[in-house]
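Only one structure is covered here, and it is reproduced in the block below.
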Protein chains: 2
Amino acid sequence: MKRSQSTPKSEAARKIDIRGVAAKARVSIATVSRTINHVPTVDPVLAARVWSAVAELNYFPNTQARALVSGKSKLLGLIVSEITNPFFPELIQEFEQVAVERGYEIMIGSTNYEKKTIEQCARRMLERKVDGVAVMTFGIEEVLFERFAVDNIPVVFIDAAPSRPLSSVLTVDYRTGIYEGVQHLAVLGHRKIGFITGPLRLRSAEARKAAFLDCLRSTGLKADPAWIIEGDHTLDGGRDAMQKILALPQWPTAIMCSNDMTAIGVQHALFEAKLKVPDDFSLVGFDDIHLAEYTIPPLTTVRMSCKDLALRAVNDLLSHLQDSPAKPEAPSKIITRLIVRQTTGLPKDALADLPGKSTRKKNRE
Amino acid sequence: MKRSQSTPKSEAARKIDIRGVAAKARVSIATVSRTINHVPTVDPVLAARVWSAVAELNYFPNTQARALVSGKSKLLGLIVSEITNPFFPELIQEFEQVAVERGYEIMIGSTNYEKKTIEQCARRMLERKVDGVAVMTFGIEEVLFERFAVDNIPVVFIDAAPSRPLSSVLTVDYRTGIYEGVQHLAVLGHRKIGFITGPLRLRSAEARKAAFLDCLRSTGLKADPAWIIEGDHTLDGGRDAMQKILALPQWPTAIMCSNDMTAIGVQHALFEAKLKVPDDFSLVGFDDIHLAEYTIPPLTTVRMSCKDLALRAVNDLLSHLQDSPAKPEAPSKIITRLIVRQTTGLPKDALADLPGKSTRKKNRE
DNA sequence: GCAACTAGCGTAAACGTTTACCAACACTCG
DNA sequence: CGAGTGTTGGTAAACGTTTACGCTAGTTGC
């Protein structure tokens with residue numbers, strides 16, 4: 001008596017589970033289950049009764065029970081490097097949107113580049129029995145590999161992946177975008193271009209650096225190793241790296257960065273050193289996060305579509321999940337391209353060559 | 001025969017579940033369960049056998065089965081406004097860290113300020129049977145309220161909450177930080193201060209605006225309604241709002257913003273209009289996201305500790321979850337305070353009043 | 001008109017845990 | 001030496017679903 005608060009129904013409306021719905025609709029629980037799963041063989045009359053009972057009781061199925069019996073959790077794991085790097089929230093948003101469209105939930109893990117954390121993430125995803133996981137942390141696989149493989153959980157990686165069944169890899173065409181960037185700087189007259197990498201244990205950081213060196217060479221420029229500094233894809237890392245460059249006896253006239261956050265850090269270091277972008281240094285980022293349009297001045301950068309990335313990742317995962325035969329294995333690359341904004345201009349040494357201009361301070365050669 | 005890949009054991013090592021562990025350790029499944037749950041009454045000898053079997057098989061429990069029988073999912077929901085606003089990733093990171101420390105997983109929902117999305121989020125969290133949810137979207141509750149209440153799921157809100165058992169509210173002391181901001185501007189000589197709000201359906205946006213107006217009044221300044229523009233807490237919104245202000249016949253000399261992203265949008269609008277910060281306009285943000293230190297020039301802003309927010313939210317949730325008696329109900333507010341950087345300076349009209357200087361550059365006595 | 005087939009609902013057995021309850025064993029005390 | 005007691009392990013039920021299987025009834029074909 002004391003428990004029946006809301007409904008004065010005589011049937012104890014204790015828990016709203018499938019049994020409650022069945023009772024109210026005067027059918028068996030099997031019929032309820034079939035109805036809500038849209039199995040076509042259920043009599044429309046009964047179905048209608050079920051649906052109205054569902055609506056009336058405000059019922060929805062218990063995901064865990066469902067997952068337990070069916071073996072499918074309808075959960076997709078998404079492992080990112082660092083949730084505080086705005087590129088990843090943008091990726092997460094896209095990823096979530098397409099996952100939800102297809103009836104999946106997502107579970108996020110942020111590794112912060114730490115091995116221990118990445119292990120924990122993997123573990124948690126295994127425990128929650130994810131149906132698949134996208135490792136968007138651009139490198140690092142190790143432990144992940146073995147256990148997901150034995151459980152037959154598909155995994156999609158970026159740039160490089162252990163080759164095993166149910167795993168696929170999304171390759172990014174870094175070269176095109178970076179080549180456009182180098183060309184753009186070369187056309188402006190830059191000959192001395194530095195590069196701030198990401199953490200080099202990350203494959204994609206390594207890949208971006210390799211693409212840069214390769215593009216330099218094919219543009220006929222040579223790389224000064226002193227101008228290749230390892231950063232860590234963060235604001236602080238970008239700032240620190242630029243400070244290292246500024247401490248050098250010889251400066252490059254342009255800097256390319258392994259990601260946009262690094263570039264923003266660089267801008268800050270230059271601001272503190274009272275140097276101007278693009279007058280003293282030209283600057284090119286990578287990723288084209290939304291913020292890039294809002295830096296001062298707006299950042300010239302290489303766009304990599306995170307929408308594309310997310311879409312491909314989910315598609316790959318789901319294609320492994322559904323019918324194994326139909327694996328189209330679209331091996332096309334994620335494209336990149338240069339977005340020119342206002343952090344690139346003529347090199348300072350070119351200006352110095354112009355007559356009657358004494359370049360206010362900092363003038364070298 | 002064809003299936004026994006890894007272990008040559010005669011017992012079919014099909015699935016690694018609790019039964020497999022029990023078999024290997026030569027105990028019952030109950031003992032395995034007790035061991036891994038650290039029930040103290042199990043014989044150390046058996047426990048040792050169990051642990052080594054666990055290690056050998058690389059076993060871990062199925063979370064869904066566990067949740068199903070125990071009724072506790074060990075999942076905490078976290079609803080945020082917009083994952084692409086860097087404040088929220090920072091919050092998520094803190095929240096996740098403390099949740100994981102206490103043995104909980106988190107499940108994120110990003111509402112994007114849309115009612116439909118927020119409903120879906122709530123629904124998904126209900127379906128996954130979260131043990132509690134933190135609504136950090138600064139307002140909007142409606143549908144959430146009813147269903148979580150009937151399922152006895154604790155909810156923590158920000159700024160305002162429906163009063164019901166198992167719900168608590170985190171209040172933020174907007175006033176102190178904003179007051180410091182207004183005072184700071186007033187001391188510099190600003191008399192005409194504009195404010196760009198967040199979306200006003202959000203309680204906290206409303207609260208920040210109210211705090212601003214209140215602080216103006218108590219500082220003896222008066223508010224020009226034309227200088228109060230509604231933004232939406234995004235970069236684009238900040239830019240648009242500032243453009244509206246620039247279209248006005250009369251300009252304020254300083255702008256306060258309801259969050260940092262808005263302020264960055266404002267900086268961009270001013271950059272486009274070839275106006276300088278802080279020479280032409282002083283600017284104050286709100287939140288103190290990490291990026292605020294990196295804008296050009298670095299943003300003066302009001303810090304609200306998202307670490308604090310996250311910690312309080314999780315604590316409140318867990319205190320409701322554990323023993324109901326021990327509810328300390330710490331009603332203290334989240335504090336805010338001004339962080340002065342470089343977007344605030346003397347007002348332009350003050351400079352104009354000075355003799356013999358045409359306001360071109362930074363000049364201070 | 002009867003047999004056979006089909007459509008569609010219901011019963012019950014899983015899924016992998018936790019935990020209440022019971023049994024067995026050993027130890028202690030009378 | 002026997003009974004009582006305390007300790008610890010095992011058996012089985014429960015959690016809320018899905019789904020294989022069987023059964024009933026209705027329809028059709030001969």
Side-chain angles (χ1 to χ4, degrees), chain A residues 12-51 53-54 57-75 103 126-131 151-152, chain B residues 12-51 53-54 57-75 103 126-131 151-152:
Chain A
R14 188 102 319 144
K15 292 283 192 70
I16 23 188
D17 62 357
I18 201 175
R19 259 171 285 272
V21 177
K24 190 169 201 87
R26 303 190 312 280
V27 296
S28 74
I29 60 168
T31 301
V32 175
S33 174
R34 281 191 275 256
T35 305
I36 62 182
N37 288 314
H38 300 104
V39 173
T41 67
V42 16
D43 184 340
V45 174
L46 297 198
R49 286 222 301 271
V50 169
W51 284 122
V54 164
L57 295 175
N58 219 317
Y59 164 82
F60 42 80
N62 179 326
T63 319
Q64 355 221 43
R66 221 173 224 211
L68 183 57
V69 55
S70 72
K72 310 274 86 184
S73 65
K74 291 291 188 172
L75 253 185
L126 253 6
E127 283 178 353
R128 297 265 170 202
K129 293 270 179 297
V130 292
D131 288 342
D151 287 7
N152 283 325
Chain B
R14 187 101 322 141
K15 291 282 193 68
I16 24 185
D17 61 358
I18 201 174
R19 259 172 286 270
V21 177
K24 191 170 200 84
R26 303 191 311 282
V27 297
S28 75
I29 61 168
T31 302
V32 175
S33 175
R34 282 191 275 255
T35 305
I36 63 182
N37 288 313
H38 301 102
V39 173
T41 67
V42 17
D43 184 341
V45 175
L46 297 197
R49 287 221 303 272
V50 169
W51 284 122
V54 164
L57 294 175
N58 218 318
Y59 164 81
F60 41 82
N62 180 326
T63 319
Q64 357 221 41
R66 219 174 226 212
L68 184 56
V69 54
S70 73
K72 309 274 86 184
S73 64
K74 290 291 186 174
L75 253 184
L126 254 4
E127 283 178 353
R128 296 267 170 202
K129 293 272 180 296
V130 292
D131 289 342
D151 287 6
N152 281 326

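Proteins get letters first, then strands, A, B, ... in listed order; numbering begins at 1 in each.
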Q. Any idea which heavy atoms bring R128(A) and L75(B) closest together, and the distance?
A. NH1-CG, 3.8 Å
(Q) Return the NZ to CD1 distance between K24(B) and I16(B), rounded to the nearest 0.5 Å. (A) 11.0 Å
**Q.** Length of the line joining I29(A):CD1 and dG8(C):P, which is rounded to integer Å
**A.** 20 Å
Q | Spatial distance of atom CG (N62(B)) from atom NZ (K129(A)) [nearest 0.5 Å] | A | 4.5 Å
Q: To the nearest 0.5 Å, tell me how far D43(A) CG sits from T35(A) OG1.
A: 9.5 Å
Q.
If I take atom CD1 from residue I36(B) and atom CZ from residue F60(B), how far apart are they, to the nearest 0.5 angstrom?
A. 11.5 Å
Q) Which part of the nucleic acid, if any, lies within contact of S70(A), taking any heavy atom under 4.0 Å across all strands shown: a base, the sugar-phosphate backbone alone, or nothing? A) nothing
Q: Would you grab the first and last nucleotide of DNA chain D (5' to 3') that comes under 4.0 Å of any non-hydrogen atom in chain B?
A: dT8(D) to dG16(D)
Q. Can you tell me how far the OG1 atom of T63(B) sits from the CG atom of L68(A), to the nearest 0.5 Å?
A. 11.0 Å
Q) Does A30(B) or R66(A) map to a spot on DNA chain D nearer the 5' end, using the closest nucleotide for each? A) A30(B)
(Q) Can you work out whether F60(A) or R34(A) has the more 5'-proximal nearest nucleotide on DNA chain D? (A) F60(A)
